[in-house]
*Asks:* 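So that we are looking at the same thing, I have put the structure below in structure tokens.
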Number of protein chains: 2
Amino acid sequence: MAEALEGRRSTRRTATLASLAAELGVSRTTVSNAYNRPDQLSPALRRRVLDTARRLGYPGPDPVARSLRTRKAGAVGLLLTEALSYAFRDPVAIQFLEGLALACEDNGSGLLLVPVSPEAEDVGAVARAGVDGFVVYSMPDDDEHFAAVLERPVPVVVCDQPTDVPDVDRVGIDDQAAMVELAEHLAALGHRRVGVLCMRLSTDRNDGFASVGRQDSARYEVQRRRLAGLRDGFTAAGVDWSTVPVVERFDHTEAAGGSAFDQLVERNPEVTAVVCTSDILGLGALRAARAAGRDVPGDLTITGFDGVPAAERAGLTTVRQPSLDKGRAAGELLLDRGDRQRSRTLLLPTELMVRATSGPPPSR
Amino acid sequence: MAEALEGRRSTRRTATLASLAAELGVSRTTVSNAYNRPDQLSPALRRRVLDTARRLGYPGPDPVARSLRTRKAGAVGLLLTEALSYAFRDPVAIQFLEGLALACEDNGSGLLLVPVSPEAEDVGAVARAGVDGFVVYSMPDDDEHFAAVLERPVPVVVCDQPTDVPDVDRVGIDDQAAMVELAEHLAALGHRRVGVLCMRLSTDRNDGFASVGRQDSARYEVQRRRLAGLRDGFTAAGVDWSTVPVVERFDHTEAAGGSAFDQLVERNPEVTAVVCTSDILGLGALRAARAAGRDVPGDLTITGFDGVPAAERAGLTTVRQPSLDKGRAAGELLLDRGDRQRSRTLLLPTELMVRATSGPPPSR
DNA sequence: ATGAAAGCGCTAACAG
DNA sequence: CTGTTAGCGCTTTCAT
């Protein structure tokens, strides 16, 4: 880890609080107070301490030693589904991060992005993170990094998934209800032959059609519940869910959405509505549909999920979820925890955004 | 900082390495080895140690204590111009972050976002960050947080600005040369009456026209050099730079770009080209121009700087800079430093992207 | 393969 | 307002 950080600067052998105290002929407490409790010594002495510190090149109390002593790291750890850098490519994750950063900022806490390679056996990164608590963003069930987080004796807040972890706060949305609402919207428009594009349902790659069994046993609870919502909504409208094609993609990109769309309509050209479980997928599908000469929404309806800015620009009908608020709430739940004993779950509202990509199925 | 992180989980009084050793009747060394040097004890003993640890709820060696002892935090600190959350709103910063995250990931290092409020007197956050080094992203000259970073006895890598800091590595681009090239492009098209929209030149808000004096004394070196490049390029084409209107905006948003555009053309309706020192500003200007009924590029040329995806979609002529590579390079410079003694400056290439918003000035 | 000794650098009572 | 006393929890030579 970070070996070789031995530049010129770090070489400069630094004075310590003790050596500074010795030089000044005062106790370590006094020096410590000069930094941490200015009111505990005379301004004159404090000046003298600080001046001498500067002269000796003493950089102030070592943060790690202080953390050890105070048992506070002053930082929140963030654990993400994907490789660290993924967080900066997904607009929903970015919004979440912004909200979380806001909460940390308000609290004066740092935000430590924990380096977990998705494939890494090495759970060590979690164990080595010097943090006062963890925010866990959308992890699959039975993830080993998440398990490692749970080992740590610090508070944990989960965003979205997994749910139902004892002693862990959670912030999320009602994915299932939101999808029921969307299904009802489409059913009301008259759609009965629908297809679905969804994100990965498991940690192993399976780009293709997902059976009902696979849907029900998905390791990603959010996807599981969104699909369940669609099933409920369309079943209520008389659709036999077992006939509804669901195409899964491991990668969460517009390109993946596009290829999933192509795969779907090739096998099921009869569908009049393509429901996507994310905006990214939906945007990709939209582009692929138009590239294939389909008229959306005249000829085909396409919907997304999330409510990212790009979806708004594209006029994509979708379900808006408050990603930024989720991040902020997660941070606040972690940081502002009073003396409350019971773990809390915060469900934020979603909103169906009917825009320009949904309409009645083509007559005939 | 992060007070009140006293949830149920953290309450669970945890065993320590010492107590575990006592329970097992072995030395602390052995327990430590069980975690850090598996080859130093018999597999059987190790098993026993780990099993007992689990039984006692020992979460493994405390990361902070370990960091103190090993003098390694396993994390890189990141200092940003703006409030922490700003990083997630600016596409260029996001790209930089992604690159930096990639480098950290490769190294197994965490990435600690240091919470600095822009106005905060409190430089403490920097002093309190337990990190092995800092990456500093685009700070104004004479920033106090940056000064605090320099106090710390750890290596530092600056991205973009400030330049010329002793003993500090830097990664950036040649902003001035890039702008000379852009100016030459516009001059070659025939533009002589140009206007400029730029980002903040100082930490105090000054939304309006910026005098040459203000341009030259800008505290943000990147802006200073971009303006200098434009001056050089246009001066060479026979333009009297002192007559070129430069409109400054404190906020870096499309809305700011739009209002700056309006302000510019109201006073200088004669300009045939509006050069913006960022894509965000350029995109805002483009929108405002079209809203005002101007034909771009038929009637007016507009350019940006950075090469963000949105600029590509909009067909904005711009200078592309490798933001992601800058982030990765900054991380690598910090993390992979061999035994090199001298500080390094890495200048990455830029590329003029002539697209659909630049053309010759209207005849007549 | 295991243990004893020696801190890493700091802060927090508490007593003066 | 200042100092004394005790560690925080761990790793690491160096012996054995």
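Below, chains carry the letters A, B, ... as their sequence lines are ordered, and counting in each starts from 1.
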*Asks:* Counting only N and O atoms by type, is there a donor-acceptor contact under 3.5 Å from the side chain of B:Arg152 to the main-chain atoms of B:Val126?
*Replies:* yes
*Asks:* B:Thr29 side chain N/O closer than 4.0 Å to the phosphate oxygens (OP1, OP2) of C:dG3?
*Replies:* no
*Asks:* Please report the distance, rounded to the nearest Å, between CZ in A:Arg48 and C1' in D:dT2.
*Replies:* 13 Å
*Asks:* Mind checking whether A:Tyr137 and A:Phe96 have parallel, tilted or perpendicular rings, split at 30° and 60°?
*Replies:* tilted
*Asks:* I need the B:Leu24 CG to B:Ser19 OG distance, nearest 0.5 Å.
*Replies:* 9.5 Å
*Asks:* Once you round it to whole Å, what is the distance between C1' of C:dA12 and CG of A:Asn33?
*Replies:* 10 Å
*Asks:* Just by distance, do the side chain of B:Glu98 and the backbone of B:Leu324 share a donor-acceptor pair under 3.5 Å?
*Replies:* no
*Asks:* In whole angstrom, what separates B:Asp62's CG from D:dC10's P?
*Replies:* 6 Å
*Asks:* State whether B:Arg66 places a side-chain N or O below 4.0 Å from either non-bridging phosphate oxygen (OP1 or OP2) of D:dT11.
*Replies:* yes
*Asks:* Reckon B:Thr30 has a side-chain N or O less than 4.0 Å from the OP1 or OP2 of C:dG3?
*Replies:* yes
*Asks:* Could you state the atom-to-atom distance from CG of A:Leu17 to P of C:dC8 in whole Å?
*Replies:* 13 Å
*Asks:* Hey, is A:Asp51 close enough to A:Arg54 for a salt bridge, meaning N to O under 4.0 Å?
*Replies:* no
*Asks:* How is A:Val64 classified with respect to the nucleic acid when contacts are heavy atoms under 4.0 Å: base, sugar-phosphate, or nothing?
*Replies:* nothing
*Asks:* Figure out the CZ/P separation between A:Arg71 and D:dC10, and round it to whole Å.
*Replies:* 8 Å
*Asks:* How long is the line joining CG of A:Leu20 and P of C:dT11, in whole Å?
*Replies:* 12 Å
*Asks:* Taking only the side-chain nitrogens and oxygens of A:Arg28, find out if one of them lies under 4.0 Å from OP1 or OP2 of D:dT2.
*Replies:* no
*Asks:* What is the distance from NZ of A:Lys72 to P of C:dA12, rounded to the nearest Å?
*Replies:* 10 Å
*Asks:* Counting just side-chain N and O atoms, does A:Ser27 come under 4.0 Å of either OP1 or OP2 of D:dG3?
*Replies:* yes
*Asks:* Using modelled atom types only, decide if a donor and an acceptor are shared between the side chain of B:Asp132 and the backbone of B:Ala73 within a distance under 3.5 Å.
*Replies:* yes
*Asks:* Check whether A:Gln40 reaches the backbone of A:Asn33 with its side chain - one donor and one acceptor, N or O, closer than 3.5 Å.
*Replies:* no
*Asks:* Heavy atom of residues 35-47 of chain B under 4.0 Å from DNA chain C: which residues?
*Replies:* B:Asp39, B:Gln40, B:Leu41, B:Ser42, B:Leu45
